[in-house]
Amino acid sequence: MINVLFFARIREQLGVDKLSLSLEEAGPTIADLRASLVADKDAKWQEVLGADNVITAVNQAVVDHQHALSDGDEVAFFPPVTGG
Amino acid sequence: MSCYCSVRVQEQDFDLSTEVADLRSHTAEVGAIASFVGVVRDTNLASDIQAMELEHYPGMTEKSIQDIIDQACERWQIYGVTVIHRIGKLNPTDQIVLVAVSSMHRGDAFSACEFIMDYLKVNAPFWKKEHTPEGARWVDARCSDDSAAERWALK
């Protein structure tokens, strides 16, 4: 399974904080996962997850769209950080 | 050189004197401690701030702060680092973040403290939501924070 987490503005806009899907459903890379996530949802998902400034982390480290997924990965989508 | 580190993400407040005393106690070689305390302001972008909510990504937050500290320990001769970041609901004048660094001489402590704070702002997954009389809004990332962190890039 791939566990997907959403934080802050993205979590609020999508109305969901986490979901799970199989590696087959998710696809081999982050770009594929993003496409699978927006595929059968309303336009809001494409707008929110397709935004240029969305940051993606796999197993708590920031990755790019070509990053290959492995079974059991924790994937997070979040906006630019604003702590401190 | 091994470096004493304490990273805490917590709802409760912190006490600067206690944290400085802790850093002093680890080795008698400490000759300098530099600290930074971030505080919640009551205004931002021309709006009154009534309260602030801090969300974070548990696990990744601690990992990313530890990574920044490890870089600082390689770059400067420092003995100890304490980073405390608060989460949950905070009000104007509340303390929000502490970075404290001990070293033999002040130069390393000042530089490492600023470095850790600058990188925390752009790398640690925290998000602020402001509550104003016009409603709640997520704070946008600032370009000036990216520039502050970029200053430290190794030439």
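- Note: A:F77 and A:F6 have parallel aromatic rings, judged against thresholds of 30 and 60 degrees for the angle between ring planes.
- In terms of heavy-atom pairs under 4.5 angstrom with chain A, the leader among B:T61, B:L120, B:D140 is B:D140.
- Per-residue counts of heavy-atom pairs under 4.5 Å with chain A were compared for B:D67, B:V122, B:V139; the largest is that of B:V139.
- Comparing B:F126, B:W138, B:F36 by how many heavy-atom pairs each has under 4.5 Å with chain A, the most go to B:W138.
- Residue A:N53 does not touch chain B at all, counting heavy-atom pairs closer than 4.5 Å.
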### Task
Determine, stepwise, if the pair B:L54 / B:H85 fulfils side chain to side chain contact (heavy atoms under 4.5 Å, CB included).
CA-CA 10 Å; B:L54 259 295; B:H85 203 300; 3.8 Å; yes

### Message
The test is side chain to side chain donor-acceptor pair (under 3.5 Å); show your working for B:E134 and B:T132 and say whether it passes.
### Response
CA-CA 5 Å; B:E134 298 84 42; B:T132 74; 3.3 Å; yes

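- With hydrophobic clusters built from ILVMFWY side chains whose heavy atoms lie under 4.5 angstrom apart, A:V63 does not share a cluster with A:L5.
- Aromatic ring centres of A:F78 and B:W127 lie closer together than 6.0 Å.
- With a 4.5 Å cut-off on non-hydrogen atoms, B:K63 touches chain A through its side chain but not through its backbone.
- The contact between B:N123 and chain A is made entirely by backbone atoms, counting heavy-atom distances below 4.5 Å.
- Between chain A and the residues B:K121, B:E53, B:R142, the most heavy-atom pairs under 4.5 angstrom are made by B:K121.
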Side-chain polar contacts of residues 96-105 of chain B - donor-acceptor pairs under 3.5 angstrom, sequence neighbours left out - could you list them?
unit_1, atom_1, unit_2, atom_2, d
B:S102, OG, B:G80, N, 3.0
B:S103, OG, B:H105, O, 2.6
B:S103, OG, B:A109, N, 3.3

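- Looking at A:I55, neither its backbone nor its side chain comes within 4.5 Å of chain B, counting heavy atoms on both sides.
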